[in-house]
Amino acid sequence: VKKPESGSFPLLDPPPDEIRRMANAAVELMAEYLGSIRDRRLYPDTSSREIREQLDRSLPAEATDFEQLLDVIRKTLLEFSRHNGHPRMFGYVQAPGTAIAAIADLFASTLNANLTAWRSAPAAVEIERLTIDWIKQIIGFDSNAAGLFVSGGSMANMAALAAARRAKAPLGISNEGAQSCSRALRVYASEEVHHSIAKAAALLGIGRDNVRMIGVDEGYKINLDTLVAAIEDDRAAGHLPICIVANAGTVATGAFDPLEQISEIARQYNLWLHVDAAYGGFAALAPTTRPLFTSIAQADSVALDPHKWLYLPVDCGCILYQDPEAARAAFAHEAEYTRVIGQEADEAFAFWDYGPELSRRFRALKVWMLLKGVGLQALSEAIEKDLKCARHFESLVQSSEDFEMLAPVELSIFCFRHLPPKLRNIPADLNKRRVREEKLDLHNERLLLALQHDGSSYLSNARLRGRFALRGCVMNYRTTLRDMEILLDDLRSVSAGLEISAE
Ligand SMILES: Cc1ncc(COP(=O)(O)O)c(C=O)c1O
């Protein structure tokens, strides 16, 4: 028997001992990093130029030793990164990642499974179908729903709007294009909706301007009367309403739209109901927020982000569709190179029929490793603890003189601002009040930048009713009640270094 020659490319195909040596050294560094994350400076004080100077910029014709590569990871990557796993990383909607998921990613890349269809990755596809089933159970969604992992919430929202358009707009749009429909398609969402909805509408030919941004109440939830009036107006004007997007946790304040009432409106007007639960979806695991999800089963589609409140590393978004056939109608496309030949239904299954991607990485493995390896009980306790941290922060602010809340805390997002002594008094004069508000905006904006550069705590920002807000989101099993107190202390000490003028 003629054996193929082996070992011609030892750097591309190293022997097992060499793989062990590299991996052990890398895992050692990973453990060292995760073990020290709490004590690291959260955000580096650096510049693009400084980092570029650290990197050898010459095109690498020859190989570099593995130890030297790890050295670059240790001295440049780890030193000049924002540490998203730090317990006081409160910016944006940022998960910390977990060690078990990093190990899952190592296996996903080792196997290099490509989850296009069952025939391409039989066990991996079964793991994805299983974990999608678990996610349906976690949020209380229909067990017959279809779903798959995508890159993130933005892609999940786009897939949902594509399915909504296919289900509720004339068929000609898919084949002949948007110009075949003389009526404007309309999508409705609160003005607090994530910008990925307008972006998806633009990319799908629905048009950004056809996403009607509905006003919100004092809790930043969609105003239902305005929603109904907008749908009625559009129908009277000859437009074609197709979809309502409800927020299960808005990105700015964490507001949860009333799903029960919205689903009734969607049913009444025969509209697709999409729920953007990219941020808030896994709050379904926490006992105190579980009741918010009672009506989620009424949705036609739900966007979730395991790479947010399931603590997983990017990327891992998820889209669920109540009616698998509605998703297939939007995404299935017959081509000879994808045609599945001679298989039974379960084995003929293909993810490409349900989403925009063909080649897909094995995102499900980290979801599976996390859910099995950690268990729902601990995840539920960690999420409940995050909620408690945000509520604790709210009560600290409410009982302080030098801070005020700018929105109610519903999930784990808190929006507030600093009131330095010189700007604390509220003048009766309207004009002076306006000037004070502008000064507070400016002060809090400078305070945010100073806090980020200080490196002990990290917040991001929001604009609420025209005012600049400091915004934090607790999404980390490492964060404690004490970290919330340290955040306020950090803000006070950073503020002491800023010049504030009352003039
Ligand atoms: C409510 C909401 N929807 C959608 C997204 C977009 O998610 P991704 O960044 O995963 O695309 C976000 C991101 O923060 C979000 O908070």
Side-chain angles (χ1 to χ4, degrees), residues 82 84 89-97 101 135 139 147-162 164 187 189-203 211 213-214 216 220-222 243-257 259 262 273-284 289 292-293 296 299 301-320 355-357 360-361 363 366-367 383 386 390 407 410-415 458-464 469 471-476:
R82 187 186 74 198
N84 292 333
M89 170 58 204
F90 299 114
Y92 321 105
V93 189
Q94 182 61 61
I135 289 176
I139 65 160
L148 71 163
F149 294 114
V150 291
S151 60
S154 302
M155 189 53 88
N157 281 336
M158 185 156 94
L161 284 198
V187 172
S190 92
E191 59 197 16
E192 293 293 310
V193 76
H194 191 265
H195 74 266
S196 54
I197 292 293
K199 192 171 180 176
L203 294 173
V211 179
M213 300 294 184
I214 309 297
V216 289
Y220 294 91
K221 296 165 190 275
I222 194 165
C243 175
I244 305 176
V245 179
N247 291 299
T250 57
V251 63
T253 71
F256 210 104
D257 286 332
L259 296 187
I262 297 176
L273 173 58
H274 172 60
V275 177
D276 180 357
Y279 156 56
F282 292 101
T289 43
L292 291 167
F293 291 81
I296 200 144
S301 54
V302 182
L304 293 134
D305 253 345
H307 71 204
K308 291 190 167 70
W309 222 344
L310 216 46
Y311 304 125
L312 289 172
V314 282
D315 60 8
C316 192
C318 171
I319 177 71
L320 302 177
E357 295 167 313
R360 298 168 61 254
R361 43 194 244 96
R363 298 180 177 108
K366 60 189 169 190
V367 184
I383 294 167
D386 290 344
E410 186 156 14
L411 298 178
S412 70
I413 292 179
F414 51 93
C415 291
Y458 193 104
L459 291 169
S460 56
N461 53 293
R463 195 158 285 278
L464 300 177
R471 177 196 163 284
C473 174
V474 191
M475 189 167 269
N476 189 336

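In each ligand, atom 1 is the first atom listed, and ligand 1 is the first ligand listed. Residue numbers count from 1 along this sequence.
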Full working for salt bridge (charged side-chain N to carboxylate O under 4.0 Å, His left out) between Glu192 and Lys221: CA-CA 8 Å; Glu192 293 293 310; Lys221 296 165 190 275; over 6 Å; no
Report yes or no: do [X] and [Y] form a side-chain donor-acceptor pair below 3.5 Å?
{"X": "Tyr458", "Y": "Asn84", "result": "no"}
{"X": "His274", "Y": "Asn157", "result": "yes"}
{"X": "Asp315", "Y": "Ser151", "result": "no"}

Polar side-chain atom of Thr253 near backbone of Ala407 as donor-acceptor pair, under 3.5 Å: no
Side-chain donor/acceptor of Asp257 to backbone N/O of Leu259, under 3.5 Å: no
Purely on distance, is any nitrogen or oxygen of [X] under 3.5 Å from one on ligand 1?
{"X": "Asp305", "answer": "yes"}
{"X": "Thr250", "answer": "no"}
{"X": "Ser154", "answer": "yes"}

For Gly152, the ligand 1 atoms whose distance to one of its heavy atoms is below 4.0 Å: 10 (O), 11 (O)
For Val93, the ligand 1 atoms whose distance to one of its heavy atoms is below 4.0 Å: 14 (O), 16 (O)
Close approach of Met155 to ligand 1, heavy atoms, under 4.0 angstrom: no
Heavy atom of Gly249, distance to ligand 1 below 4.0 Å: yes
CG-OH distance between Asn247 and Tyr220, expressed to the nearest 0.5 angstrom: 14.0 Å
To check your reading of the model: name the closest protein heavy atom to [atom], its residue, and the distance in Å.
{"atom": "atom 7 (O) of ligand 1", "value": "Lys308 NZ, 2.9 Å"}
{"atom": "atom 15 (C) of ligand 1", "value": "His194 CD2, 3.5 Å"}
{"atom": "atom 1 (C) of ligand 1", "value": "Asp276 OD2, 3.5 Å"}

Ligand 1-proximal atoms of Ala278, by part, heavy-atom distance under 4.0 Å: side chain
Ion pair check, Glu357 and Arg363, cut-off under 4.0 Å: yes
